[in-house]
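Shown next, in structure tokens, is the structure this report addresses.
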Amino acid sequence: MTVFPALEIPETLAAGPGPGNTDPRVLEAFAKAGVADHMQADVLRGMIEAKHMLRDLWGTKNLFTFGVAGTGWSGLDSMEGLILPGDKVVSFVNGTFSGIDDLTIRIKASSLEDLAADSLDPHPANVHTVSVPHGQSVTAEIVDAALAEHKPMWAFMAHWETGSGRVNDIQGFSDACVKHGVMGLVDAVSSLGVGDFNIDDYPGVVAWASCPQKGVLSLPLTYAPVSFTDNAIELLKARGCYSFVHNPIFEARHWGIIEGKDVDTPSYHRTHSGYAVAAFHEALRIILGYGRGRKASDYKYHEAALRQAVEAMGCEVTSNMPSLIVLNLPGKLAGREKELVQGARSQGFGIWPTLSEPVQVRIGILNQLTPEQITEITSRFADAMLAMGAEFDKATVLNQLKSYYAKAA
């Protein structure tokens with residue numbers, strides 16, 4: 001019998017697409033929570049308050065707005081579970097994560113025969129996947145043309161595709177869904193808590209799903225925010241879904257949403273963690289206290305600073321997300337992206353490569369919204385590049401960054 005030494009995880013700078021570095025207040029809330037069961041009064045009160053804060057963060061009056069226990073994929077599975085075998089779907093893919101969403105959709109829309117043909121990668125005829133090249137955004141024109149041609153029941157799109165760092169046209173997607181009588185589903189994993197938008201402004205979208213560890217900046221295994229319109233819930237009531245644990249109607253009951261109303265006494269659905277509730281609740285308090293509009297503006301401001309700095313090092317930026325830089329390395333470093341990332345990560349600098357071709361470097365700024373933090377990210381990335389033989393003057397890059405911030409002071 002082997003007893004391993006105590007696990008020690010070193011402090012790192014999480015400068016990738018997410019999770020971001022967790023706010024100390026969130027960690028404190030998690031650690032200070034008492035041992036309370038999932039029906040204890042303070043735990044339930046925390047869930048009810050979190051539900052109301054989520055509605056403010058999403059910008060919605062949707063009653064069925066709450067958190068699904070788990071990671072972002074838990075929330076996405078709950079949303080995509082609205083799709084039943086045989087449903088006709090158009091899915092838009094422009095990167096790694098919309099691609100995984102697309103696989104989820106194809107699995108859920110498959111017949112038994114489709115699954116038997118290829119259980120791990122089914123291709124049911126009732127799902128049409130529109131593939132947009134890596135590094136490009138899904139546009140209103142692409143969505144409109146596909147919905148007009150295929151006339152589906154459902155359409156899916158990622159709001160912001162983290163795999164390639166591209167912002168997709170949510171207004172065009174919603175407008176096309178309304179125009180063609182299609183129910184839209186949106187992956188907002190990377191946009192919630194970073195962008196300033198109200199989901200009620202997009203009536204073509206009937207369900208949204210996000211994650212706890214990016215813009216919301218809670219711990220990863222807490223609660224994935226979801227929001228469903230009344231139309232989506234009425235359809236779910238009429239047809240059901242193939243899940244108990246991720247059934248939105250069942251899940252909502254534990255958050256005090258029962259029979260189409262907010263209630264004071266939630267009912268049991270499954271075991272929740274008082275620690276997770278405390279952390280998620282505090283993360284929502286932090287982001288709403290900061291201000292949704294201010295945070296969105298700050299992300300844009302600091303992304304522009306980092307973009308300017310990496311371009312000064314000779315990199316080509318291909319992304320347009322305000323919380324993530326996706327870039328190609330210059331000249332002789334091209335093709336060595338994974339090597340650079342591995343070297344940086346070995347030094348506690350947590351940047352990421354893209355997870356599908358072409359291989360690029362991803363640098364994120366989640367919860368890194370001060371000049372000092374952006375300067376540290378810039379400095380550490382410069383060191384990683386210079387160690388591999390890049391040719392630029394680090395002092396010049398840092399002076400340009402200092403000038404950027406001085407102009408706005």
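The minimum heavy-atom distance between Lys51 and Asp262, with the atom names listed, is NZ-OD1, 3.0 Å. Across Phe97 and Glu161, no two heavy atoms sit closer than the pair N-OE2, 3.3 Å. The heavy-atom pair separating Pro203 from Ser174 by the smallest distance is N-OG, 3.4 Å. Summarising the geometry of Leu82 relative to Ala207, their closest heavy-atom pair is CD1-CB, 4.0 Å, with the distance given to 0.1 Å. Between Ile377 and Gly364, the closest heavy-atom pair is CD1-O, 3.9 Å.
Once rounded to the nearest 0.5 Å, the distance linking CG of Leu366 with CG of Leu217 reads 6.0 Å. Interatomic distance, CG of Asp144 versus CD of Glu149, reported as 11.5 Å (0.5 Å rounding).
Taking the ring centre of Phe156 as origin, the terminal cationic atom of Lys108 falls outside the region bounded by 6.0 Å and 45° from the ring axis. For the pair Arg292 and Trp58, the NZ or CZ position fails the cation-pi test of under 6.0 Å to the six-membered ring centre and within 45 degrees of the ring normal.
Residues Arg253 and Asn247 have side chains that never bring a donor and an acceptor to within less than 3.5 angstrom of each other. In this model, a donor atom of one side chain and an acceptor atom of the other lie less than 3.5 Å apart for Asp200 and Thr60. In this model, a donor atom of one side chain and an acceptor atom of the other lie less than 3.5 Å apart for Ser111 and Asp114. In the model, His302 has no side-chain atom that pairs as donor or acceptor with a side-chain atom of Gln368 under 3.5 Å.
Panel note: side chain Asp169, backbone Gln171; a donor-acceptor pair is recorded below 3.5 Å. Of the possible donor and acceptor atoms, one in the side chain of Asn94 sits under 3.5 Å from a partner among the backbone N and O of Gln136. Formation of a donor-acceptor pair under 3.5 Å by the Arg307 side chain with backbone atoms of Ser319 is found in this model.
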Apply side chain to side chain donor-acceptor pair (under 3.5 Å) to the pair His134 and Gln360, showing each step before the final yes or no. CA-CA 11 Å; His134 180 95; Gln360 297 178 283; 2.7 Å; yes
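Side-chain contact check for Val226 versus Pro248: every heavy-atom pair is 4.5 Å or farther apart.
By the 30° and 60° cut-offs, the orientation of the rings of His269 relative to Phe250 is tilted.
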